[in-house]
Amino acid sequence: MCASGCEPRQPVGVSSRSGGVADDFDDRFDDLFGVGYRAAFAVLGDRTAAEDCSSESLARALLRWPTIRGYAPACVARVSTNLALDVAK
């Protein structure tokens, strides 16, 4: 609540989460980010670009989370590596 007693509003286009899939993703985010970062850094050798590739791979993973959650580290590593290879071209 804000100082005047109002309730914070949900941003437009963002759904409120009540648990489940998104919470599972949130719990694994830090580990998955590290997986994607290490994969991209191995290809690029550049920290900033590796962070960008890892972030993009996690965004794509979240969109497909119900499908990939069982093999999320492998999927994130593969997508991050592919994105790094695109950057390196």
Side-chain angles (χ1 to χ4, degrees):
M1 279 174 75
C2 60
S4 62
C6 63
E7 289 288 326
R9 294 186 346 195
Q10 187 70 22
V12 175
V14 177
S15 62
S16 63
R17 298 187 317 204
S18 60
V21 170
D23 285 341
D24 182 38
F25 180 82
D26 287 347
D27 292 342
R28 298 177 66 186
F29 182 88
D30 290 335
D31 292 334
L32 292 173
F33 185 86
V35 168
Y37 174 83
R38 287 187 299 276
F41 187 79
V43 172
L44 298 170
D46 180 271
R47 291 179 180 181
T48 304
E51 288 174 357
D52 291 344
C53 291
S54 185
S55 296
E56 177 64 23
S57 68
L58 286 173
R60 293 180 185 189
L62 180 57
L63 293 174
R64 295 164 184 80
W65 190 250
T67 304
I68 68 152
R69 72 190 295 181
Y71 55 95
C75 182
V76 168
R78 177 80 275 172
V79 171
S80 191
T81 300
N82 288 346
L83 290 168
L85 290 170
D86 288 345
V87 169
K89 287 183 185 177

> May I ask you to decide if A50's main-chain N or O and S54's side chain share a donor-acceptor pair within less than 3.5 Å?
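Here the side-chain-to-backbone pair does not exist.
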
> Would you mind reporting whether Y71 and I68 have side-chain heavy atoms less than 4.5 Å apart?
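Of all side-chain heavy-atom pairs linking Y71 with I68, at least one is under 4.5 Å.
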
> Quick check: is V87 connected to V43 through a chain of hydrophobic side chains (ILVMFWY, heavy atoms under 4.5 Å apart)?
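Same hydrophobic cluster.
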
> Would you say the side chain of R47 lies within less than 4.5 Å of the side chain of Y37, judging by non-hydrogen atoms?
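Y37 vs R47: side chains touch.
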
> Would you confirm whether R69, through its side chain, and W65, through its main-chain N or O, come within 3.5 Å as a donor-acceptor pair?
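Side chain of R69 to backbone of W65: no pair is present.
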
> Should F41 and L58 be counted in the same cluster of Ile, Leu, Val, Met, Phe, Trp and Tyr side chains packed under 4.5 Å apart?
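Same hydrophobic cluster.
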
> Please find the pair of heavy atoms, one from S80 and one from G36, that lie closest to each other, and give the distance.
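In terms of heavy atoms, the two residues are closest at OG-O, 2.7 Å.
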
> Do you know the tightest heavy-atom contact between L44 and C53?
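So the minimum-distance heavy-atom pair works out to CD1-SG, 4.1 Å.
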
> Closest approach of V76 and A61, non-hydrogen atoms and distance?
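Heavy atoms of V76 and A61 come nearest at CG2-CB, 4.0 Å.
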
> I'd like to know if D31 pairs up with R28 as an ion pair, taking the criterion as any Lys NZ or Arg NE/NH1/NH2 lying under 4.0 Å from an Asp or Glu carboxylate oxygen.
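R28 and D31: not salt-bridged.
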
> If every non-hydrogen atom of P73 is compared with every non-hydrogen atom of V35, which pair is closest and at what distance?
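Shortest heavy-atom separation between P73 and V35 comes out as O-CG1, 3.5 Å.
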
> With the 4.5 Å side-chain cut-off for hydrophobic clustering, are L32 and L62 part of the same group?
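Linked, L32 and L62 end up in one cluster.
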
> Output yes when R60 and E56 qualify as a salt bridge under the 4.0 Å nitrogen-oxygen rule, no when they do not.
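Result for this pair is yes, salt bridge flagged.
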
> Parallel, tilted or perpendicular: which one describes the rings of F29 and F25, with boundaries at 30° and 60°?
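F29 and F25: perpendicular rings.
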
